[in-house]
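Everything numeric in this text was worked out from a predicted model, so none of it was measured. The first residue in the sequence is number 1, and the count goes up from there.
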Amino acid sequence: MESQFDSAREAAGRSLVIFPGALGDFICFLPALDALARRGAVDVLARSEYADLVSPPIRIASIERREIAQLFVREADLREVEEFLRPYDRVYSWSGGGDAAFKRNFARAAGARGRLFPFRPAALTEHISDYYLGCIGAPAEAPTPEVAVKPEALARARAWLGINGNNR
């Protein structure tokens with residue numbers, strides 16, 4: 001399955017983020033994602049519907065990729081995964097931390113570029129947003145990112161409000 005960013009993977013200074021969370025988790029992850037984007041281009045494997053929540057240099061494609069599924073296979077042939085990860089200078093994953101096969105395969109495929117974190121640590125003593133920032137070495141007081149509402153989404157929302165009796 002080709003992702004929307006396969007054709008541009010060759011760019012230098014690019015990070016890959018593997019993030020399995022639901023919408024609320026992703027919202028809490030936005031400050032860390034924004035901090036990564038300040039360092040360079042970022043490709044994210046997550047739920048593809050989150051693409052409207054970010055803007056360049058962040059790009060999102062579906063986490064439902066063969067290369068990611070292969071990381072969970074006990075005796076996986078990792079050549080395809082290694083080829084997929086090759087263009088990235090850094091590979092961060094909050095997926096698969098509790099799976100022994102994933103841990104082993106991720107370490108082999110990503111090598112020194114890879115950083116694998118628990119999705120939610122067992123003893124969380126800080127806000128989850130601060131945890132994600134700490135994982136990437138960003139200060140907890142990092143600027144809060146803004147989600148830009150696309151004009152077509154705003155127009156749809158206004159139309160819906162108009163139909164439903166609210167003209168504001």
Taking the six-membered ring for Trp and the full ring for Phe, Tyr or His, determine whether the centres of Phe29 and Tyr131 are under 6.0 Å apart.
-> no

Before giving the answer on side-chain contact (heavy atoms from CB on, under 4.5 Å), spell out for Phe119 and Asp25 the whole-Å C-alpha distance, their side-chain angles and the decisive distance to 0.1 Å.
-> CA-CA 9 Å; Phe119 184 64; Asp25 301 314; 3.5 Å; yes

Hey, are the side chains of Val44 and Leu33 touching, using non-hydrogen atoms and a 4.5 Å cut-off?
-> yes

Using a strict cut-off of less than 4.0 Å between a Lys/Arg side-chain nitrogen and an Asp/Glu carboxylate oxygen, indicate whether Glu82 and Arg79 qualify as a salt bridge.
-> no

Looking only at heavy atoms, what is the nearest atom pair of Pro31 and Ile27, with distance?
-> CD-O, 3.7 Å

With the side chain counted from C-beta on, respond yes when Ile60 and Leu53 share a heavy-atom pair under 4.5 Å apart, and no when they do not.
-> no

Distance-minimising heavy-atom pair for Ala109 and Leu71 = CB-CD2, 4.4 Å

If you measure from CD1 on Ile18 to CD1 on Ile63, what distance do you get to the nearest 0.5 Å?
-> 7.0 Å

Heavy-atom closest pair, residues Pro139 and Leu133 = O-CD1, 3.7 Å

Nearest heavy-atom approach of Ser15 to Arg90 is OG-NE, 2.9 Å

Under the criterion side-chain contact (heavy atoms from CB on, under 4.5 Å), which of Arg65, Arg66, Arg86, Gln70 is the partner of Val81?
-> Gln70

Quick one: do Arg120 and Ile128 satisfy side-chain contact (heavy atoms from CB on, under 4.5 Å)? Show the steps, please.
-> CA-CA 8 Å; Arg120 286 192 186 90; Ile128 193 71; 4.2 Å; yes

Just by modelled atom types, is the Leu161 backbone N or O under 3.5 Å from a matching donor or acceptor in the Asn164 side chain?
-> no

Phe84/Leu45 under side-chain contact (heavy atoms from CB on, under 4.5 Å): CA gap, chis, key distance, verdict = CA-CA 12 Å; Phe84 176 71; Leu45 297 177; 4.0 Å; yes

ring-ring contact (aromatic ring centres under 6.0 Å, His included) pairs touching residues 47-77, sequence neighbours excluded, are Phe26-Tyr50, Phe72-Phe102

If you measure from NE2 on His127 to SG on Cys28, what distance do you get to the nearest 0.5 Å?
-> 4.5 Å

Please, which pairs that meet side-chain hydrogen bond (donor to acceptor under 3.5 Å, both in side chains) have at least one residue in residues 92-115, sequence neighbours excluded?
-> none

Under a 4.0 Å N-O cut-off, is there an ion pair linking Arg14 with Asp43?
-> yes

Hey, any chance Val91 and Val73 share a hydrophobic cluster, counting ILVMFWY side chains that come within less than 4.5 Å of each other, even indirectly?
-> no

